[in-house]
**Q** 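Below: one structure in C-alpha coordinates.
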Amino acid sequence: MEYLAQIVPVMAEGLKVTVSLFCVVLVLSIPGGMILAMIRMSKLRVLARIVAIYVYIMRGTPLMLQLLFIYYGLPFIPYIGIQFDDATAAIVAFVMNYAAYLCEVFRGGIQSIPKGQYEGAKVLGFTYFQTMRKIIIPQVIKCVLPPLANETINLLKDTSLVYVLAMNDILRIMRGIVQRDFDTSAFFVAGVFYLLMTFVLTRVFSYLEKRYAVYDE
Amino acid sequence: MSFISMQHIEKSFKGNVVLKDVSLEVNKGEVISIIGPSGSGKSTFLRCLGQLETIDKGTIMVDGLCLVKTGADGKAVYADKKTQRALQIRMGMVFQQFNLFPHMTVLENILIAPKMVKGMKEADILPIAERLLKKVGLWDKRDEYPSRLSGGQKQRVAIARALAMNPDIMLFDEPTSALDPELTGEVLRTIQQLAEENMTMIIVTHEMAFAKQVADKVLFMADGLIQEEGRPEEVFDHPQSPRTQAFLQSML
(Lines give C-alpha, C1' and ligand atoms only; values in the text may rest on other atoms or scores of the structure.)
Protein backbone atom coordinates (compact mmCIF):
# COMPACT_ATOMS: atom_id res chain seq x y z
CA MET A 1 0.00 0.00 0.00
CA GLU A 2 2.80 2.34 0.94
CA TYR A 3 4.55 1.39 -2.27
CA LEU A 4 1.42 2.23 -4.26
CA ALA A 5 1.10 5.59 -2.55
CA GLN A 6 4.62 6.23 -3.69
CA ILE A 7 4.30 5.26 -7.37
CA VAL A 8 0.77 6.45 -8.16
CA PRO A 9 1.59 10.21 -7.96
CA VAL A 10 4.67 9.65 -10.15
CA MET A 11 2.58 7.82 -12.73
CA ALA A 12 -0.14 10.44 -12.53
CA GLU A 13 2.44 12.83 -14.02
CA GLY A 14 2.52 10.52 -17.02
CA LEU A 15 -1.26 10.65 -17.12
CA LYS A 16 -1.03 14.38 -17.85
CA VAL A 17 1.16 13.72 -20.89
CA THR A 18 -1.18 11.00 -22.14
CA VAL A 19 -4.35 13.03 -21.63
CA SER A 20 -3.04 16.24 -23.15
CA LEU A 21 -1.69 14.42 -26.21
CA PHE A 22 -5.01 12.61 -26.55
CA CYS A 23 -7.05 15.81 -26.33
CA VAL A 24 -4.92 17.81 -28.76
CA VAL A 25 -4.93 15.00 -31.33
CA LEU A 26 -8.68 14.45 -31.02
CA VAL A 27 -9.51 18.14 -31.38
CA LEU A 28 -7.32 18.48 -34.48
CA SER A 29 -8.05 15.19 -36.23
CA ILE A 30 -11.86 15.38 -36.13
CA PRO A 31 -12.10 18.53 -38.27
CA GLY A 32 -9.10 17.27 -40.25
CA GLY A 33 -10.89 14.03 -41.02
CA MET A 34 -14.05 15.89 -41.93
CA ILE A 35 -12.23 18.15 -44.38
CA LEU A 36 -10.44 15.16 -45.93
CA ALA A 37 -13.78 13.33 -46.29
CA MET A 38 -15.34 16.34 -48.04
CA ILE A 39 -12.38 16.62 -50.42
CA ARG A 40 -12.42 12.90 -51.08
CA MET A 41 -16.09 13.04 -52.06
CA SER A 42 -15.85 16.30 -53.98
CA LYS A 43 -15.76 16.68 -57.74
CA LEU A 44 -12.15 17.87 -57.55
CA ARG A 45 -10.89 14.66 -59.12
CA VAL A 46 -7.16 15.23 -58.63
CA LEU A 47 -7.45 16.31 -55.00
CA ALA A 48 -9.85 13.46 -54.23
CA ARG A 49 -7.33 11.02 -55.71
CA ILE A 50 -4.51 12.50 -53.63
CA VAL A 51 -6.59 12.13 -50.46
CA ALA A 52 -7.37 8.51 -51.37
CA ILE A 53 -3.65 7.77 -51.76
CA TYR A 54 -2.89 9.62 -48.54
CA VAL A 55 -5.47 7.55 -46.66
CA TYR A 56 -4.04 4.37 -48.18
CA ILE A 57 -0.53 5.22 -46.99
CA MET A 58 -1.65 6.26 -43.51
CA ARG A 59 -3.76 3.16 -43.00
CA GLY A 60 -1.35 0.84 -44.77
CA THR A 61 1.75 1.51 -42.67
CA PRO A 62 2.26 1.10 -38.91
CA LEU A 63 1.62 4.18 -36.81
CA MET A 64 4.92 3.39 -35.07
CA LEU A 65 6.74 3.68 -38.40
CA GLN A 66 5.06 7.04 -39.08
CA LEU A 67 5.99 8.28 -35.63
CA LEU A 68 9.63 7.26 -35.98
CA PHE A 69 9.81 8.67 -39.50
CA ILE A 70 8.48 12.07 -38.52
CA TYR A 71 10.76 12.36 -35.51
CA TYR A 72 13.96 10.70 -36.75
CA GLY A 73 13.49 10.54 -40.51
CA LEU A 74 12.26 14.01 -41.53
CA PRO A 75 15.42 15.90 -40.53
CA PHE A 76 17.39 13.86 -43.05
CA ILE A 77 15.08 14.40 -46.01
CA PRO A 78 16.78 16.76 -48.48
CA TYR A 79 15.19 20.25 -48.78
CA ILE A 80 12.50 19.52 -46.18
CA GLY A 81 14.69 18.62 -43.24
CA ILE A 82 12.37 19.69 -40.42
CA GLN A 83 13.34 18.80 -36.90
CA PHE A 84 10.32 18.64 -34.60
CA ASP A 85 10.65 18.37 -30.84
CA ASP A 86 9.18 15.18 -29.43
CA ALA A 87 5.74 16.50 -28.48
CA THR A 88 5.24 18.25 -31.84
CA ALA A 89 6.41 15.19 -33.76
CA ALA A 90 3.97 13.03 -31.81
CA ILE A 91 1.07 15.41 -32.44
CA VAL A 92 1.86 15.70 -36.15
CA ALA A 93 2.14 11.95 -36.60
CA PHE A 94 -1.00 11.15 -34.63
CA VAL A 95 -3.12 13.83 -36.30
CA MET A 96 -1.96 12.75 -39.77
CA ASN A 97 -2.79 9.13 -38.97
CA TYR A 98 -6.08 9.68 -37.20
CA ALA A 99 -7.36 12.22 -39.68
CA ALA A 100 -6.97 9.52 -42.33
CA TYR A 101 -8.96 7.00 -40.31
CA LEU A 102 -11.64 9.54 -39.42
CA CYS A 103 -11.85 10.58 -43.07
CA GLU A 104 -13.13 7.09 -43.82
CA VAL A 105 -15.50 7.14 -40.85
CA PHE A 106 -17.04 10.46 -41.95
CA ARG A 107 -17.13 9.42 -45.60
CA GLY A 108 -19.14 6.37 -44.65
CA GLY A 109 -21.44 8.53 -42.55
CA ILE A 110 -22.04 11.14 -45.22
CA GLN A 111 -22.66 8.48 -47.88
CA SER A 112 -25.27 6.82 -45.70
CA ILE A 113 -27.51 9.90 -45.89
CA PRO A 114 -30.09 9.34 -48.64
CA LYS A 115 -30.04 11.58 -51.71
CA GLY A 116 -33.62 12.58 -50.87
CA GLN A 117 -32.40 14.61 -47.90
CA TYR A 118 -30.36 16.85 -50.21
CA GLU A 119 -33.28 17.12 -52.62
CA GLY A 120 -35.76 17.88 -49.85
CA ALA A 121 -33.50 20.69 -48.66
CA LYS A 122 -32.80 21.99 -52.16
CA VAL A 123 -36.45 22.40 -53.13
CA LEU A 124 -37.00 24.37 -49.92
CA GLY A 125 -34.30 26.78 -51.08
CA PHE A 126 -31.45 25.75 -48.77
CA THR A 127 -27.95 26.59 -49.96
CA TYR A 128 -25.36 23.81 -50.02
CA PHE A 129 -23.79 25.16 -46.85
CA GLN A 130 -27.14 25.37 -45.02
CA THR A 131 -28.01 21.85 -46.15
CA MET A 132 -24.76 20.46 -44.78
CA ARG A 133 -24.97 22.36 -41.51
CA LYS A 134 -28.61 21.85 -40.62
CA ILE A 135 -29.62 18.66 -42.40
CA ILE A 136 -26.69 16.43 -43.31
CA ILE A 137 -24.05 16.89 -40.56
CA PRO A 138 -26.48 16.40 -37.62
CA GLN A 139 -27.58 13.09 -39.13
CA VAL A 140 -23.99 12.10 -39.92
CA ILE A 141 -22.99 12.66 -36.29
CA LYS A 142 -25.63 10.21 -35.14
CA CYS A 143 -24.52 7.43 -37.42
CA VAL A 144 -20.75 7.93 -36.94
CA LEU A 145 -20.93 7.89 -33.13
CA PRO A 146 -20.26 4.14 -32.75
CA PRO A 147 -17.23 4.03 -35.09
CA LEU A 148 -16.05 7.35 -33.66
CA ALA A 149 -16.15 5.87 -30.15
CA ASN A 150 -14.00 3.01 -31.43
CA GLU A 151 -11.40 5.29 -32.94
CA THR A 152 -11.34 7.53 -29.88
CA ILE A 153 -10.64 4.63 -27.53
CA ASN A 154 -8.01 3.33 -29.94
CA LEU A 155 -6.36 6.73 -29.94
CA LEU A 156 -6.22 6.80 -26.17
CA LYS A 157 -4.36 3.50 -26.12
CA ASP A 158 -2.21 4.34 -29.15
CA THR A 159 -0.80 7.40 -27.37
CA SER A 160 1.35 4.91 -25.45
CA LEU A 161 3.46 4.58 -28.61
CA VAL A 162 5.13 7.91 -27.81
CA TYR A 163 7.37 6.15 -25.32
CA VAL A 164 9.70 5.52 -28.32
CA LEU A 165 10.20 9.29 -28.54
CA ALA A 166 11.24 9.38 -24.89
CA MET A 167 8.10 11.24 -23.88
CA ASN A 168 7.18 10.54 -20.28
CA ASP A 169 3.67 9.20 -20.72
CA ILE A 170 2.13 6.63 -18.38
CA LEU A 171 3.71 3.70 -20.12
CA ARG A 172 7.27 5.02 -20.15
CA ILE A 173 7.13 6.02 -16.51
CA MET A 174 5.71 2.62 -15.72
CA ARG A 175 8.56 0.89 -17.49
CA GLY A 176 11.07 3.00 -15.57
CA ILE A 177 9.50 2.08 -12.24
CA VAL A 178 9.33 -1.64 -13.07
CA GLN A 179 12.98 -1.72 -14.14
CA ARG A 180 14.09 0.23 -11.10
CA ASP A 181 12.14 -1.63 -8.40
CA PHE A 182 11.71 -5.12 -9.89
CA ASP A 183 8.04 -4.92 -8.86
CA THR A 184 5.09 -5.56 -11.16
CA SER A 185 2.53 -3.36 -9.32
CA ALA A 186 3.14 -0.53 -11.79
CA PHE A 187 1.73 -2.68 -14.60
CA PHE A 188 -1.56 -2.87 -12.74
CA VAL A 189 -1.58 0.80 -11.88
CA ALA A 190 -1.08 1.68 -15.57
CA GLY A 191 -3.83 -0.74 -16.55
CA VAL A 192 -6.23 0.83 -14.08
CA PHE A 193 -5.38 4.32 -15.36
CA TYR A 194 -6.25 3.29 -18.91
CA LEU A 195 -9.42 1.54 -17.79
CA LEU A 196 -10.55 4.62 -15.91
CA MET A 197 -10.02 6.81 -18.95
CA THR A 198 -11.79 4.41 -21.32
CA PHE A 199 -14.61 4.18 -18.80
CA VAL A 200 -15.10 7.93 -19.00
CA LEU A 201 -14.99 7.85 -22.80
CA THR A 202 -17.46 4.98 -22.98
CA ARG A 203 -19.86 6.88 -20.76
CA VAL A 204 -19.51 10.07 -22.80
CA PHE A 205 -20.26 8.21 -26.01
CA SER A 206 -23.20 6.26 -24.63
CA TYR A 207 -24.63 9.56 -23.37
CA LEU A 208 -24.24 11.06 -26.84
CA GLU A 209 -25.77 8.01 -28.49
CA LYS A 210 -28.74 8.19 -26.16
CA ARG A 211 -29.20 11.87 -26.86
CA TYR A 212 -29.21 11.24 -30.59
CA ALA A 213 -31.46 8.20 -30.24
CA VAL A 214 -34.55 10.37 -29.70
CA TYR A 215 -35.26 9.94 -33.40
CA ASP A 216 -34.90 6.87 -35.58
CA GLU A 217 -33.97 6.83 -39.23
CA MET B 1 -48.57 34.42 -71.66
CA SER B 2 -48.94 31.35 -69.49
CA PHE B 3 -47.68 31.19 -65.92
CA ILE B 4 -45.33 28.27 -66.52
CA SER B 5 -43.96 27.61 -69.96
CA MET B 6 -41.74 24.64 -70.69
CA GLN B 7 -40.76 24.43 -74.35
CA HIS B 8 -39.03 21.61 -76.22
CA ILE B 9 -37.36 20.09 -73.18
CA GLU B 10 -34.72 17.50 -73.96
CA LYS B 11 -32.84 15.48 -71.41
CA SER B 12 -30.69 12.40 -71.46
CA PHE B 13 -28.79 10.50 -68.80
CA LYS B 14 -25.45 9.25 -70.14
CA GLY B 15 -26.71 8.71 -73.66
CA ASN B 16 -30.09 7.36 -72.56
CA VAL B 17 -32.70 9.79 -73.88
CA VAL B 18 -35.39 10.37 -71.24
CA LEU B 19 -37.16 13.46 -72.60
CA LYS B 20 -37.25 13.82 -76.37
CA ASP B 21 -39.13 17.04 -76.95
CA VAL B 22 -41.64 17.80 -74.24
CA SER B 23 -43.58 21.06 -73.94
CA LEU B 24 -46.13 22.19 -71.40
CA GLU B 25 -48.00 25.40 -70.70
CA VAL B 26 -49.65 25.92 -67.33
CA ASN B 27 -51.92 28.81 -66.39
CA LYS B 28 -52.15 30.23 -62.93
CA GLY B 29 -54.45 28.15 -60.73
CA GLU B 30 -54.47 25.26 -63.16
CA VAL B 31 -54.02 21.65 -62.01
CA ILE B 32 -52.13 19.35 -64.35
CA SER B 33 -51.91 15.58 -63.92
CA ILE B 34 -49.18 13.64 -65.66
CA ILE B 35 -49.80 9.93 -66.09
CA GLY B 36 -47.93 7.22 -67.92
CA PRO B 37 -45.97 4.00 -67.48
CA SER B 38 -42.80 3.82 -65.38
CA GLY B 39 -39.75 5.06 -67.21
CA SER B 40 -41.82 7.33 -69.43
CA GLY B 41 -39.92 10.40 -68.23
CA LYS B 42 -42.80 12.00 -66.31
CA SER B 43 -40.93 12.28 -63.01
CA THR B 44 -37.83 13.57 -64.76
CA PHE B 45 -39.92 16.21 -66.49
CA LEU B 46 -41.29 17.40 -63.14
CA ARG B 47 -37.82 17.33 -61.58
CA CYS B 48 -36.50 19.55 -64.39
CA LEU B 49 -39.03 22.19 -63.39
CA GLY B 50 -38.13 21.68 -59.72
CA GLN B 51 -34.45 22.20 -60.60
CA LEU B 52 -33.43 18.77 -59.39
CA GLU B 53 -32.29 17.88 -62.90
CA THR B 54 -30.69 20.09 -65.50
CA ILE B 55 -32.01 19.98 -69.01
CA ASP B 56 -29.88 19.58 -72.15
CA LYS B 57 -32.04 21.71 -74.41
CA GLY B 58 -35.18 23.78 -74.16
CA THR B 59 -36.72 26.77 -72.43
CA ILE B 60 -38.35 27.10 -69.02
CA MET B 61 -40.12 30.33 -68.10
CA VAL B 62 -41.99 30.91 -64.85
CA ASP B 63 -44.07 34.05 -64.32
CA GLY B 64 -42.07 35.91 -66.96
CA LEU B 65 -38.72 34.92 -65.48
CA CYS B 66 -36.42 32.79 -67.57
CA LEU B 67 -34.90 29.84 -65.75
CA VAL B 68 -33.20 28.32 -68.76
CA LYS B 69 -33.19 28.76 -72.51
CA THR B 70 -31.42 27.22 -75.45
CA GLY B 71 -28.31 29.18 -76.32
CA ALA B 72 -26.79 29.92 -79.71
CA ASP B 73 -24.84 26.64 -79.68
CA GLY B 74 -28.03 24.63 -79.14
CA LYS B 75 -27.28 23.84 -75.49
CA ALA B 76 -29.35 24.91 -72.52
CA VAL B 77 -28.10 28.03 -70.72
CA TYR B 78 -29.29 28.55 -67.15
CA ALA B 79 -29.99 31.89 -65.50
CA ASP B 80 -27.69 33.12 -62.75
CA LYS B 81 -27.77 31.47 -59.31
CA LYS B 82 -29.87 34.26 -57.86
CA THR B 83 -32.68 33.79 -60.37
CA GLN B 84 -32.50 30.01 -60.00
CA ARG B 85 -32.88 30.28 -56.25
CA ALA B 86 -35.66 32.89 -56.49
CA LEU B 87 -37.63 30.51 -58.71
CA GLN B 88 -36.78 27.54 -56.51
CA ILE B 89 -38.35 29.22 -53.50
CA ARG B 90 -41.56 29.88 -55.42
CA MET B 91 -42.02 26.17 -56.07
CA GLY B 92 -42.91 23.62 -53.43
CA MET B 93 -42.18 19.99 -54.10
CA VAL B 94 -43.51 16.80 -52.56
CA PHE B 95 -41.74 13.50 -53.12
CA GLN B 96 -42.71 9.87 -53.24
CA GLN B 97 -40.35 9.16 -50.31
CA PHE B 98 -41.48 12.23 -48.29
CA ASN B 99 -37.89 13.32 -47.55
CA LEU B 100 -38.79 14.73 -44.16
CA PHE B 101 -35.81 15.56 -41.97
CA PRO B 102 -35.72 12.64 -39.49
CA HIS B 103 -33.72 14.48 -36.83
CA MET B 104 -36.35 17.20 -36.45
CA THR B 105 -39.84 17.07 -35.01
CA VAL B 106 -42.85 17.70 -37.21
CA LEU B 107 -42.97 21.34 -36.14
CA GLU B 108 -39.23 21.86 -36.64
CA ASN B 109 -39.58 20.37 -40.11
CA ILE B 110 -42.13 23.09 -40.92
CA LEU B 111 -40.23 25.95 -39.28
CA ILE B 112 -36.72 25.36 -40.55
CA ALA B 113 -37.05 26.52 -44.17
CA PRO B 114 -38.88 29.82 -43.54
CA LYS B 115 -36.37 30.51 -40.77
CA MET B 116 -33.19 29.60 -42.65
CA VAL B 117 -34.13 30.50 -46.20
CA LYS B 118 -36.43 33.48 -45.73
CA GLY B 119 -34.90 34.66 -42.47
CA MET B 120 -38.31 34.85 -40.80
CA LYS B 121 -38.67 35.11 -37.05
CA GLU B 122 -40.00 32.06 -35.23
CA ALA B 123 -42.83 34.11 -33.73
CA ASP B 124 -43.97 35.05 -37.23
CA ILE B 125 -43.81 31.51 -38.61
CA LEU B 126 -45.49 29.75 -35.69
CA PRO B 127 -49.03 30.92 -36.54
CA ILE B 128 -48.47 29.86 -40.16
CA ALA B 129 -47.16 26.48 -39.06
CA GLU B 130 -50.13 26.05 -36.74
CA ARG B 131 -52.60 26.92 -39.48
CA LEU B 132 -50.94 24.52 -41.94
CA LEU B 133 -50.63 21.64 -39.50
CA LYS B 134 -54.26 22.07 -38.50
CA LYS B 135 -55.19 22.12 -42.15
CA VAL B 136 -53.51 18.74 -42.74
CA GLY B 137 -54.90 17.53 -39.42
CA LEU B 138 -51.58 16.97 -37.65
CA TRP B 139 -51.26 19.84 -35.18
CA ASP B 140 -51.44 17.39 -32.27
CA LYS B 141 -48.45 15.50 -33.75
CA ARG B 142 -46.24 18.59 -33.87
CA ASP B 143 -43.72 17.34 -31.30
CA GLU B 144 -43.36 13.85 -32.75
CA TYR B 145 -40.42 12.76 -34.85
CA PRO B 146 -41.27 11.63 -38.41
CA SER B 147 -40.33 8.01 -37.61
CA ARG B 148 -43.38 7.85 -35.33
CA LEU B 149 -45.81 8.81 -38.11
CA SER B 150 -47.58 6.66 -40.68
CA GLY B 151 -46.74 7.15 -44.35
CA GLY B 152 -49.87 9.19 -44.95
CA GLN B 153 -49.11 11.44 -41.99
CA LYS B 154 -45.52 11.90 -43.17
CA GLN B 155 -46.72 12.93 -46.59
CA ARG B 156 -49.18 15.42 -45.13
CA VAL B 157 -46.37 16.93 -43.05
CA ALA B 158 -44.27 17.12 -46.22
CA ILE B 159 -47.10 19.00 -47.94
CA ALA B 160 -47.40 21.40 -44.99
CA ARG B 161 -43.62 21.89 -45.00
CA ALA B 162 -43.69 22.86 -48.66
CA LEU B 163 -46.67 25.18 -48.13
CA ALA B 164 -44.90 26.95 -45.25
CA MET B 165 -42.68 28.61 -47.83
CA ASN B 166 -45.83 30.05 -49.39
CA PRO B 167 -45.10 28.77 -52.91
CA ASP B 168 -46.95 29.80 -56.07
CA ILE B 169 -46.62 26.34 -57.57
CA MET B 170 -46.77 22.88 -56.02
CA LEU B 171 -45.11 19.92 -57.70
CA PHE B 172 -46.10 16.41 -56.63
CA ASP B 173 -43.89 13.50 -57.67
CA GLU B 174 -45.98 10.36 -57.16
CA PRO B 175 -47.11 11.50 -53.71
CA THR B 176 -49.04 8.32 -52.91
CA SER B 177 -46.87 5.65 -54.56
CA ALA B 178 -45.05 4.75 -51.33
CA LEU B 179 -48.25 4.54 -49.29
CA ASP B 180 -50.41 1.62 -48.28
CA PRO B 181 -53.67 1.78 -50.26
CA GLU B 182 -55.77 2.68 -47.21
CA LEU B 183 -53.56 5.73 -46.56
CA THR B 184 -53.68 7.29 -50.00
CA GLY B 185 -57.09 8.85 -49.39
CA GLU B 186 -55.99 11.25 -46.67
CA VAL B 187 -53.14 12.56 -48.85
CA LEU B 188 -55.31 12.88 -51.94
CA ARG B 189 -57.93 14.81 -49.93
CA THR B 190 -55.24 17.27 -48.87
CA ILE B 191 -54.17 17.78 -52.48
CA GLN B 192 -57.80 18.08 -53.54
CA GLN B 193 -58.25 20.80 -50.96
CA LEU B 194 -55.30 22.72 -52.42
CA ALA B 195 -56.85 22.42 -55.86
CA GLU B 196 -60.04 23.98 -54.53
CA GLU B 197 -57.97 26.89 -53.22
CA ASN B 198 -56.69 27.45 -56.75
CA MET B 199 -53.12 26.42 -56.12
CA THR B 200 -51.20 25.90 -59.36
CA MET B 201 -50.17 22.27 -59.30
CA ILE B 202 -48.47 19.63 -61.40
CA ILE B 203 -49.09 16.11 -60.15
CA VAL B 204 -47.31 13.03 -61.41
CA THR B 205 -49.45 10.13 -60.29
CA HIS B 206 -50.57 6.56 -60.80
CA GLU B 207 -53.97 7.27 -59.22
CA MET B 208 -56.09 7.42 -62.34
CA ALA B 209 -59.38 8.19 -60.63
CA PHE B 210 -57.74 11.01 -58.71
CA ALA B 211 -56.01 12.41 -61.79
CA LYS B 212 -59.33 12.47 -63.58
CA GLN B 213 -61.16 14.10 -60.72
CA VAL B 214 -58.68 16.80 -59.67
CA ALA B 215 -56.99 17.85 -62.90
CA ASP B 216 -57.96 20.57 -65.35
CA LYS B 217 -55.64 18.97 -67.88
CA VAL B 218 -54.17 15.48 -68.15
CA LEU B 219 -50.94 14.59 -69.93
CA PHE B 220 -50.16 11.05 -70.94
CA MET B 221 -46.44 10.48 -71.33
CA ALA B 222 -44.60 7.49 -72.74
CA ASP B 223 -41.12 7.01 -74.20
CA GLY B 224 -40.06 10.55 -73.34
CA LEU B 225 -42.87 12.17 -75.26
CA ILE B 226 -46.33 13.53 -74.52
CA GLN B 227 -48.52 11.07 -76.37
CA GLU B 228 -51.78 12.76 -75.57
CA GLU B 229 -53.06 15.71 -73.59
CA GLY B 230 -56.40 17.30 -72.95
CA ARG B 231 -59.24 17.65 -70.51
CA PRO B 232 -59.57 14.61 -68.19
CA GLU B 233 -62.78 13.33 -69.76
CA GLU B 234 -61.22 13.54 -73.23
CA VAL B 235 -58.08 11.63 -72.28
CA PHE B 236 -59.70 9.07 -70.04
CA ASP B 237 -62.97 8.46 -71.85
CA HIS B 238 -62.02 9.04 -75.47
CA PRO B 239 -58.28 8.48 -75.80
CA GLN B 240 -57.09 9.05 -79.35
CA SER B 241 -53.60 7.59 -79.33
CA PRO B 242 -53.21 3.78 -79.34
CA ARG B 243 -50.52 4.11 -76.63
CA THR B 244 -52.96 5.88 -74.32
CA GLN B 245 -55.68 3.35 -75.05
CA ALA B 246 -53.34 0.44 -74.29
CA PHE B 247 -52.12 2.08 -71.09
CA LEU B 248 -55.59 2.87 -69.78
CA GLN B 249 -56.71 -0.66 -70.65
CA SER B 250 -53.85 -2.08 -68.59
CA MET B 251 -54.73 0.12 -65.62
CA LEU B 252 -58.25 -1.27 -65.33
Side-chain angles (χ1 to χ4, degrees), chain A residues 30-31 34 37-38 41-45 48 105-149 204-217, chain B residues 43 46-47 49-53 81-82 84-106 108-120 143-149 154 157-158 160-167 169-173 178:
Chain A
I30 287 179
M34 225 175 243
M38 298 227 183
M41 291 185 305
S42 71
K43 287 184 187 124
L44 311 163
R45 287 274 173 76
V105 168
F106 290 132
R107 188 167 68 99
I110 294 173
Q111 282 175 345
S112 73
I113 307 298
K115 207 173 113 225
Q117 291 291 303
Y118 294 90
E119 295 188 343
K122 175 147 203 269
V123 296
L124 288 168
F126 283 66
T127 62
Y128 176 77
F129 182 69
Q130 288 171 333
T131 306
M132 291 311 278
R133 191 160 69 95
K134 289 285 178 182
I135 310 301
I136 306 303
I137 306 271
Q139 294 185 63
V140 169
I141 291 174
K142 177 185 159 101
C143 70
V144 301
L145 276 177
L148 195 60
V204 167
F205 275 100
S206 65
Y207 166 76
L208 288 174
E209 277 180 39
K210 246 180 234 147
R211 229 191 73 182
Y212 277 93
V214 292
Y215 73 90
D216 305 313
E217 292 309 316
Chain B
S43 278
L46 192 75
R47 288 165 60 85
L49 181 58
Q51 297 185 48
L52 293 174
E53 308 286 352
K81 291 265 180 240
K82 214 178 136 199
Q84 288 183 30
R85 195 139 176 271
L87 285 174
Q88 182 92 71
I89 292 170
R90 296 180 62 181
M91 279 179 242
M93 188 155 178
V94 173
F95 302 88
Q96 182 177 347
Q97 295 299 335
F98 327 124
N99 297 344
L100 292 177
F101 305 132
H103 59 303
M104 298 179 187
T105 63
V106 166
E108 286 166 346
N109 263 282
I110 311 278
L111 298 180
I112 179 103
K115 209 157 36 177
M116 295 285 294
V117 177
K118 287 189 167 172
M120 287 169 71
D143 293 326
E144 297 279 10
Y145 284 91
S147 60
R148 308 253 309 182
L149 304 179
K154 281 183 199 167
V157 172
R161 181 177 73 173
L163 291 174
M165 289 294 283
N166 196 21
I169 304 154
M170 285 288 282
L171 309 177
F172 292 88
D173 188 4

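Below, read A as the first sequence line, B as the second, and so on, with proteins coming before strands; counting in each chain starts at 1. These values consider heavy atoms only, across backbone and side chains, with no hydrogens, waters or symmetry-generated copies.
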**Q** Of all residues at least two apart in sequence or in a different chain, which pass the side-chain contact (heavy atoms from CB on, under 4.5 Å) check with B:V106?
**A**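 Here the qualifying residues are B:L133, B:L149, B:V157.
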**Q** Closest heavy-atom contact between A:L124 and B:M165?
**A** O-CE, 3.4 Å
**Q** Please report the interatomic distance CZ(B:F101) to NZ(A:K134), rounded to the nearest 0.5 Å.
**A** 12.0 Å
**Q** Counting C-beta onward and ignoring hydrogens, is there a side-chain heavy-atom pair between B:N99 and A:Y118 closer than 4.5 Å?
**A**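 Counting from C-beta outward, B:N99 and A:Y118 never come under 4.5 Å.
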**Q** So how far is it from B:H103 NE2 to A:I137 CD1, rounded to the nearest 0.5 Å?
**A** 10.5 Å
**Q** Are the side chains of B:M116 and A:R133 in contact, using a 4.5 Å heavy-atom criterion?
**A** yes
**Q** Sort B:R47 into side chain, backbone, both or neither according to what part of it lies under 4.5 angstrom from a heavy atom of chain A.
**A** side chain
**Q** Please determine whether the number of non-hydrogen atoms from other residues, nucleotides or ligands lying under 6.0 Å from atom NZ of B:K118 exceeds 12.
**A** yes
**Q** Would a 4.5 Å heavy-atom cut-off, applied to side chains only, mark A:I135 and B:M104 as touching?
**A**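 Of all side-chain heavy-atom pairs linking B:M104 with A:I135, at least one is under 4.5 Å.
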**Q** Hey, could you give me the OG1/OH distance between B:T105 and A:Y215, rounded to the nearest 0.5 Å?
**A** 13.0 Å
**Q** Need one label for B:L171: side chain, backbone, both or neither, based on atoms under 4.5 Å from any heavy atom in chain A.
**A** neither
**Q** Counting heavy-atom pairs closer than 4.5 Å to chain A, which one of B:E144, B:R161, B:K81, B:Q84 comes out on top?
**A**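 Greatest number of close heavy-atom pairs with chain A: B:R161.
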**Q** Taking only distance into account, with no hydrogens and no angle test, what donor-acceptor pairs under 3.5 Å do side-chain atoms of residues 89-98 of chain B form with protein atoms, sequence neighbours excluded?
**A**
unit_1 : atom_1 : unit_2 : atom_2 : d
B:R90  : NE     : B:D168 : OD2    : 2.6
B:R90  : NH1    : B:D63  : OD2    : 3.4
B:R90  : NH2    : B:D63  : OD2    : 2.7
B:R90  : NH2    : B:D168 : OD2    : 2.8

**Q** Applying side chain to side chain contact (heavy atoms under 4.5 Å, CB included) to B:R85 and A:T127, what does each step give before you reach the verdict?
**A** CA-CA 9 Å; B:R85 195 139 176 271; A:T127 62; 3.6 Å; yes
**Q** What part of A:K115 is in contact with chain B, defined as an atom under 4.5 angstrom from a non-hydrogen atom: side chain, backbone, both or neither?
**A**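 Side chain only.
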**Q** Verify, without hydrogens or angle tests, whether A:K122 (side chain) and B:Q51 (backbone) share a donor-acceptor contact under 3.5 angstrom.
**A** yes
